[in-house]
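Here's the structure, in structure tokens; my notes come after.
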Amino acid sequence: MASTLVTNVRIFDGSGHRSFPGEVLVQGNRIKAVAKGGEEIGREGVEVIEGRGATLMPGLVNCHGHLSYPDLETLNAIGDLPPEEHMLISVRNARTVLEHGHTAVVSAAAAKPRLDIVLRNEIEAGRVPGPRLRACTPQFNATGGPWDPRQLHMHHSSFEIIADGPIEFRRKVREMIREGVDVVKLSISGDNMSAPFADEDSTTMAEDEIAAACEVAHSRGKALASHARSDSSIALSVKYGIQFIHHATHPSERTLDLLERHKTRHSVCPALGITYVMLNEAADWGLSREWALKNRLDGELEAACETARKMVKRGIKVMPFGDYGVAWNPHGADNRDLEYFVNLVGFSPAETLTMATKWGGEAFALGGTPELGQIRPGFLADLLLIDGDPLADITLLQDRQNFLMIMKNGELYKAPAAGRRGERRRVAAE
Ligand SMILES: [Zn+2]
């Protein structure tokens with residue numbers, strides 16, 4: 001079994017503790033040993049990577065990914081993409097996020113029914129590069145839900161599956177489970193992007209529809225995710241055991257109490273980036289500041305930050321990332337979310353990176369035993385070597401050039417430059 005020792009690094013192990021100098025031994029696809037300070041791990045028969053003081057951290061885990069969202073401007077443009085082109089775009093996006101250190105993604109909706117499923121299978125088989133992937137359905141919407149693109153007398157489609165009533169929800173969720181998804185996504189609330197017909201205060205699925213979809217998913221051992229901005233959509237997500245509650249923008253104190261009582265079961269990804277960018281940087285795409293204020297995106301961002309602070313105080317798991325994959329918020333910019341967690345919400349860089357690694361790894365396990373997101377003996381070897389200290393400057397992670405090494409499952413996707421591997425060759429040849 002191949003063994004690699006990454007030596008002379010500062011280790012941020014994802015546990016929430018301070019980083020420390022040390023070295024890490026990888027054997028096969030798992031972390032075998034972690035040495036602190038001056039302790040040394042035996043070098044016999046081991047390939048050595050010289051870290052030269054760079055930071056070694058666990059791979060990032062995104063629990064609100066949309067790898068098949070094609071960085072386009074409108075819902076209809078996504079619907080107009082033929083499946084063949086769309087698959088290739090998804091493959092490219094998977095590579096882009098891996099190059100930015102995302103070694104695991106829980107999808108929060110595919111743009112067409114089989115895109116995530118095929119992408120996951122190709123990545124797992126080692127035929128295309130990409131993160132470990134939990135494949136998701138498209139967003140289930142009731143008629144008039146936030147992503148219903150249709151118009152009377154006109155044909156439009158986007159990235160949704162429309163269903164109405166418990167019978168249709170049951171049938172269509174079963175169909176997606178037959179096709180091979182890991183996660184079922186329900187759009188339970190509206191969104192201000194879809195105002196006025198389905199703004200974020202509206203709950204757009206009926207309880208019997210949610211109950212039917214969740215009953216099928218739970219009975220088949222599949223995870224669930226929800227688009228839930230309104231108070232009642234968040235409460236319904238908790239009531240029906242939906243593990244991934246996305247956005248969770250406007251919970252009442254009563255709903256926060258409910259979520260806190262069930263906090264071991266849920267995690268929340270607010271996805272601050274898309275709101276921030278639409279509010280401040282999307283004028284070039286026709287989304288003026290005026291439009292953003294009219295659609296109350298300033299209030300949405302403020303509420304999302306305030307809710308994230310309240311939730312973490314209550315011990316509810318909140319994680320960065322989400323909703324990258326539109327023109328003004330493209331794949332590869334995901335790590336800006338880490339900066340928003342520090343500068344807009346007020347979490348420390350260490351807290352933020354713990355959320356993006358350890359907490360993400362726990363959520364990725366979908367209720368099983370976590371084996372991702374920490375540098376810890378026995379855990380899977382998804383490791384990043386960063387040029388500099390992201391705890392001092394979290395924006396370092398926004399530039400793929402700063403990723404000196406990207407290891408997934410014990411294999412180097414990006415190998416360190418020859419200088420750092422010099423010693424590796426010499427020792428290996430001895
Ligand atoms: Zn999303």
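Numbering of ligands and ligand atoms starts at 1, following listing order. Worth knowing before you read on, the calculation uses all heavy atoms, side chains too, and leaves out hydrogens, waters and symmetry mates.
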Row check, Phe379 ring normal vs Arg30 NZ/CZ: under 6.0 Å, within 45° = no
ask   = Phe169 vs Phe140 aromatic rings, parallel, tilted or perpendicular, using cut-offs 30° and 60°?
value = tilted
remark   = Looking at Asp323, the N/O/S atom that lies nearest to the Zn ion (ligand 1) is called OD1
task = Please work out which of the three classes, parallel, tilted or perpendicular, describes the rings of His66 and His64, given edges at 30° and 60°.
result = perpendicular
task = Examine His64 and say whether one of its N/O/S atoms is closer to the Zn ion (ligand 1) than 2.8 Å.
result = yes
query = With a cut-off of 2.8 Å, does any N, O or S atom of His227 fall short of it relative to the Zn ion (ligand 1)?
reply = no
ask   = Can you tell me if Asn93 and Tyr69 form a side-chain donor-acceptor pair at under 3.5 Å?
value = no
